[in-house]
*Asks:* 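Can you read through this structure? Questions will come right after.
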2 protein chains.
Amino acid sequence: MKRHQVTIVDIAKKLNLSKSTVSRVLTGHPSVSDKTRQAVLELAEQLDYQRNMLSISLLNRKSNTIGIIVPEFISSYFPQVIMGAQEVAAEAGYNTIICHSNETYETEVANTKLMLANQVDGVLVSLTKETRNFDHLKIFERKGIPIVFFNRVCEDMDVPKVMVDDYEGAFRAVEHLVKRKKKRIAHLAGPDSLPISVKRLKGYKAALKKYNIPIDEELIIPYDLSIGKVKIYVNHLLRLANPPDAIFCINDPTAIEALQIVKKKGLDVPKDIAIVGFSNDFASDLIDPPLTTVSQPVREIGSTAAQLLIDQINRDVSEWKSIIKVLKTELIVRKSS
Amino acid sequence: MKRHQVTIVDIAKKLNLSKSTVSRVLTGHPSVSDKTRQAVLELAEQLDYQRNMLSISLLNRKSNTIGIIVPEFISSYFPQVIMGAQEVAAEAGYNTIICHSNETYETEVANTKLMLANQVDGVLVSLTKETRNFDHLKIFERKGIPIVFFNRVCEDMDVPKVMVDDYEGAFRAVEHLVKRKKKRIAHLAGPDSLPISVKRLKGYKAALKKYNIPIDEELIIPYDLSIGKVKIYVNHLLRLANPPDAIFCINDPTAIEALQIVKKKGLDVPKDIAIVGFSNDFASDLIDPPLTTVSQPVREIGSTAAQLLIDQINRDVSEWKSIIKVLKTELIVRKSS
DNA sequence: CTGTTAGCGCATTCAC
DNA sequence: GTGAATGCGCTAACAG
C-alpha cells in the first residue's frame, strides 16, 4: 500500500510560502524571518512532519547508513560488538543496517548486494566460516565504499581491521594450563579458513614449545564450529590410549559443550581434565565449574571498528588508510582449570 | 564523501539506448528485444551495476523495509525473536532496520523518529520497561504505517500483538512448585508497567489460590529488572522471619542471578529453596543446577509478528485488523526445582 | 519494441 | 528575506 506523507509542499501551501523557504527553515538556514520560521516549525510539529531521509540521501548521494554483516547471532559475542558499533555510529549521525549470514557464504553474498542496493556509506564485516572467495567484498572497494573487518577478517584485502591478539591470548591460556601441571593439553581448534583459528593454534603450539612439551598432532582437532560435533571429538580424545588432561577450546560455546560432556562421563574438572575457552561469553561464568577463558573487549571491538569506518568514510578514496588495530585480551582464570 | 555510482544512464549511453529501455530490462519487463536485453544485462554485470533502492523507494513511496525496536540486546531472547522475524521479512522481500532502546523511554522515542524518517513500511515493537506514554507510537497509526507489538505490548493501542500465555505459564510454574511440596513460594516480579509482569503475577496468585496456599504480600517483590538489584531482594527474602522455600522469578536472567546468590549462601537448590525462571534462555540449561523454566517459542514469536505486520502492510488502512496471537508456553522441569 | 516526459521529496543554486 | 529552477536515480504513463 502506498501511503500518504506530509511533505514540505504541504506546509508551503498552507502557509503560502515557497518550498525553498520551508526547506530553509527545516535545515536551519539563517536567512529566514522569525515569523515565517516560527510558523513553519509550528505547523511542522502539528502535522507530525518528518523529513524524508530517502530523498535527502538520494540528493546527497549519501545515505548516512552503515551496514554490519556478522556470521551469526547465537552467541552473545556479536550482539555485543554490534552494540558498541551502534553507539559510535549513532553518535556520528549514522544509522545501522544489520544482517547475519547464518555462517553461509551464499547469504553473505546476498547481504552484500542488499547493502549495496541500499546505498550504505560503509560496511563492517565479520566473515562466515565458509567464505574463501572475496569478490563480493572487493566490489565495495571498487565502488568507493569503505569496508572494515573485525574478528573474522579477510587477509586478502588491504583495508582497516580490528582484531584481538589471538596468538597471545591462546599462548597465555595454554601457558596457564602448563603452570597448572597439565602435561597433555589438547586443542579443539577452529577451521583453517579462519585466521583466528590459525593464530590461536600458533599460540597454542608456541606455548607448548616454550615449556618443552612435545606437540602431539593427535591432540589437535580442527572442526567446523558446528554445534553437535563437539561431542564426537571430545569422546574421541577421551578414548585415546594416552588421553589429554586439559582441553583448550577455540571458543566458549565449544568449551561449554566440552565441559558438559566431560562432566557427564564422571570426570572431574579441573582435576582429571581442565578446560579453557575463548571470548568470555556471558554463559561462561554461569556453568559449573565456571569456565576459565580469554576475554575480549567485545564492545570496544565494535566501537573501534565503527570509528575506523567513519574515519574512512570521511576521507577521500585516495587517502584511505588500512589501519590494523589489535586489541588486548585478558586471561580470566576460573574454576575449570 | 559523495561517491560515484553506476547508473542506468551510464548503461544507456554506452549502448546508445534510452534510459527507459534499460530500466525495462532491469525490471524484467517483457517488451524488449533479446539483443538489447542481452547487451544491457552483460554491461550491467560487467560494471557491477546495482539498482539504487533509495530512488525506487522514493518513487514508489514504499521502502520495502520494516523496523524492529527492542528494549535490549543482552539476553538471548530478542536476538532470537529478531532472527525469526528477519526470516519471514526477507522471504517477503523486506529489509530490516533493528534498533534497541536500551530500556530507556527517550531512546525509544528517538528510534521511532529514525524509523519514520527512514520511511519504514511497518514496525515491530517491544516496549521498554519505562514506556508509559505512547504518543510516539500512535504517530505510526496516524501516518498509515502499521505497527505490531510483541512480548512487551501496549494495551492502549488496538493493533496486532503477539504474546505468550504469561498467565498460564506462571500458573503452571507455581503449580509445579506446589506439587514439589513447597509451601512458601516467593515471586520476584517485574515492574507493574509491563503487562507481562502483571499477568505472570496473576498466574502466580491463581495457582496459590487453587491449592489453598495463603498469598503473603511479603513474598511478592516487584522490581525494575535492573541487574544488581536482585541481590538486595533475594537477601531480603532470605532474612525474613519466615523465609520462602521457593522463588518464582520473572525471567531467566533474574532466576540465574538469584540461584547463584542462594548457592553462595550455602543453601541447597532445590532442597532448601527451589528456583524457577521464565523464557528458557540459553544459559538456563548450563548453570548448576540447571534451571526449571517456562519456555517460549521465541523464533515463532518473531516470525508470526513479522507475518502479521506484512499482512497489515498489504491491507488498506481501512481494513487493518488487530489480531492478537497468544502462543503457548511450555514448562521445562530441570534440577533447580 | 523503443523513446520522451513527468515526478517521487528534498536541498541547493541562482535570481530578485 | 524569498521564490523559481535544477536534479539526485529511477519507473511508469504516454506516444510512436
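For the numbers below, each heavy atom of this structure counts, side chains included, while hydrogens, waters and symmetry mates do not. A, B, ... follow the sequence lines: proteins, then strands. Residue 1 opens every chain.
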*Asks:* If you only use heavy atoms from C-beta on, which nucleotide in C:dG9, C:dT4, D:dG9 is closest to the side chain of A:Thr7?
*Replies:*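 Between C:dG9, C:dT4, D:dG9, the one nearest the side chain of A:Thr7 would be C:dG9.
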*Asks:* Are A:Glu108 and A:Leu137 side-chain neighbours, meaning at least one heavy-atom pair lies under 4.5 Å?
*Replies:*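 When only atoms from C-beta onward are counted, A:Leu137 and A:Glu108 do touch, with a gap below 4.5 Å.
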*Asks:* Is the shortest distance from a Lys or Arg side-chain nitrogen in A:Asp48 or B:Lys143 to a carboxylate oxygen in the other one below 4.0 Å?
*Replies:*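 So A:Asp48 does not pair with B:Lys143 through a salt bridge.
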*Asks:* Would you please confirm or rule out a distance under 4.0 Å between OP1 or OP2 of D:dG9 and any side-chain N or O of B:Tyr49?
*Replies:*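 No, no such contact exists.
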*Asks:* Identify which nucleotide among D:dT11, D:dG3, D:dG9 has an atom closest to any side-chain atom of B:Ile8, counting heavy atoms from C-beta outward.
*Replies:*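 Per side-chain heavy atoms of B:Ile8, the pick is D:dT11.
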*Asks:* Determine, for A:Glu72 against A:Arg152, whether the closest basic-nitrogen to carboxylate-oxygen distance falls under 4.0 angstrom.
*Replies:*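 Here A:Glu72 does not pair with A:Arg152 in a salt bridge, since their nearest N and O are not under 4.0 Å apart.
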*Asks:* If you take all heavy atoms of B:Cys99 and B:Leu114, which pair is closest and at what distance?
*Replies:*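 In this case the closest contact between B:Cys99 and B:Leu114 is SG-CD2, 4.4 Å.
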*Asks:* Nearest whole angstrom, please: distance from the P of C:dT13 to the NZ of A:Lys19.
*Replies:*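 Going from NZ in A:Lys19 over to P in C:dT13 covers 17 Å.
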*Asks:* Starting from P on D:dC8, measure out to CG on B:Leu58 and report it in whole angstrom.
*Replies:*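 Checked: the CG to P distance equals 14 Å.
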*Asks:* Does D:dA4 have OP1 or OP2 sitting under 4.0 Å from an N or O in the side chain of A:Ser18?
*Replies:*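 For D:dA4, OP1/OP2 do not have a side-chain N/O of A:Ser18 under 4.0 Å.
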*Asks:* Can you pull out the residues from residues 33-42 of chain A that lie within a 4.0 Å heavy-atom distance of DNA chain D?
*Replies:*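 By residue number: A:Ser33, A:Thr36.
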*Asks:* Between A:Pro146 and A:Val159, is any pair of side-chain heavy atoms under 4.5 Å apart?
*Replies:*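 The answer is no; the side chains never approach within 4.5 Å.
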*Asks:* Which heavy atom in A:Thr128 sits nearest to a heavy atom in A:Pro71, and how many Å separate them?
*Replies:*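 Smallest heavy-atom distance, with atoms named: CA-CB, 4.0 Å.
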*Asks:* Can you tell me how far P of C:dT12 sits from CG of A:Leu26, to the nearest Å?
*Replies:*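 Distance, rounded to whole Å: 12 Å.
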*Asks:* Expressed as a whole number of angstroms, how long is the span from B:Leu54:CG to D:dG9:P?
*Replies:*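 Atom CG in B:Leu54 sits about 11 Å away from atom P in D:dG9.
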*Asks:* Got a sec: does the NZ of A:Lys138 have more than 12 other heavy atoms crowding it under 6.0 Å?
*Replies:*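 Result for NZ/A:Lys138: enclosed.
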*Asks:* Nearest to the side chain of B:Ser31 - C:dG9, C:dG3, C:dC1?
*Replies:*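 Nearest listed nucleotide: C:dC1.
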*Asks:* Return the 5'-most residue of the pair B:Val9, A:Asn16 with respect to DNA chain D, ranking by each residue's nearest nucleotide.
*Replies:*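 Closest to the 5' end, via its nearest nucleotide, is A:Asn16.
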*Asks:* By the 4.0 Å heavy-atom rule, please label A:Thr27 as base, sugar-phosphate, or nothing.
*Replies:*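 Counting heavy atoms under 4.0 Å across all strands, the contact made by A:Thr27 is with sugar-phosphate only.
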*Asks:* Rounded to the nearest angstrom, tell me the gap between atom NZ in A:Lys62 and atom P in D:dG7.
*Replies:*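 Computing the A:Lys62:NZ to D:dG7:P distance gives 24 Å.
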*Asks:* Within the structure shown, what part of the strands sits under 4.0 Å from B:Arg24 by heavy-atom distance: base, sugar-phosphate, or nothing?
*Replies:*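 Touches a base.
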*Asks:* D:dG9, OP1 or OP2 - any side-chain N/O from B:Arg51 closer than 4.0 Å?
*Replies:*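 Result: no.
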*Asks:* In whole angstroms, how far is the P atom of C:dC8 from the CD1 atom of A:Ile56?
*Replies:*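 Those two atoms, CD1 and P, are 16 Å apart.
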*Asks:* With nearest nucleotide decided by heavy atoms, which residue, B:Asn52 or A:Val32, maps closer to the 5′ end of DNA chain D?
*Replies:*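 The residue mapped nearer the 5' terminus is A:Val32.
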*Asks:* Specify the separation, in whole Å, of atom CG of B:Asn60 and atom P of C:dG9.
*Replies:*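 Interatomic distance, CG of B:Asn60 to P of C:dG9: 11 Å.
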*Asks:* Respond yes when some side-chain nitrogen or oxygen of B:Ser20 is under 4.0 Å from OP1 or OP2 of C:dG3, and no when none is.
*Replies:*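 Negative; the distance criterion is not met.
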*Asks:* Take atom CG of A:Leu59 and atom P of C:dG7, then tell me their distance rounded to the nearest Å.
*Replies:*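 That distance rounds to 18 Å.
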*Asks:* Measure the shortest side-chain to side-chain distance between A:Leu308 and A:Gln312 over non-hydrogen atoms and say whether it is less than 4.5 angstrom.
*Replies:*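 In short, these two side chains do not touch, never coming nearer than 4.5 Å.
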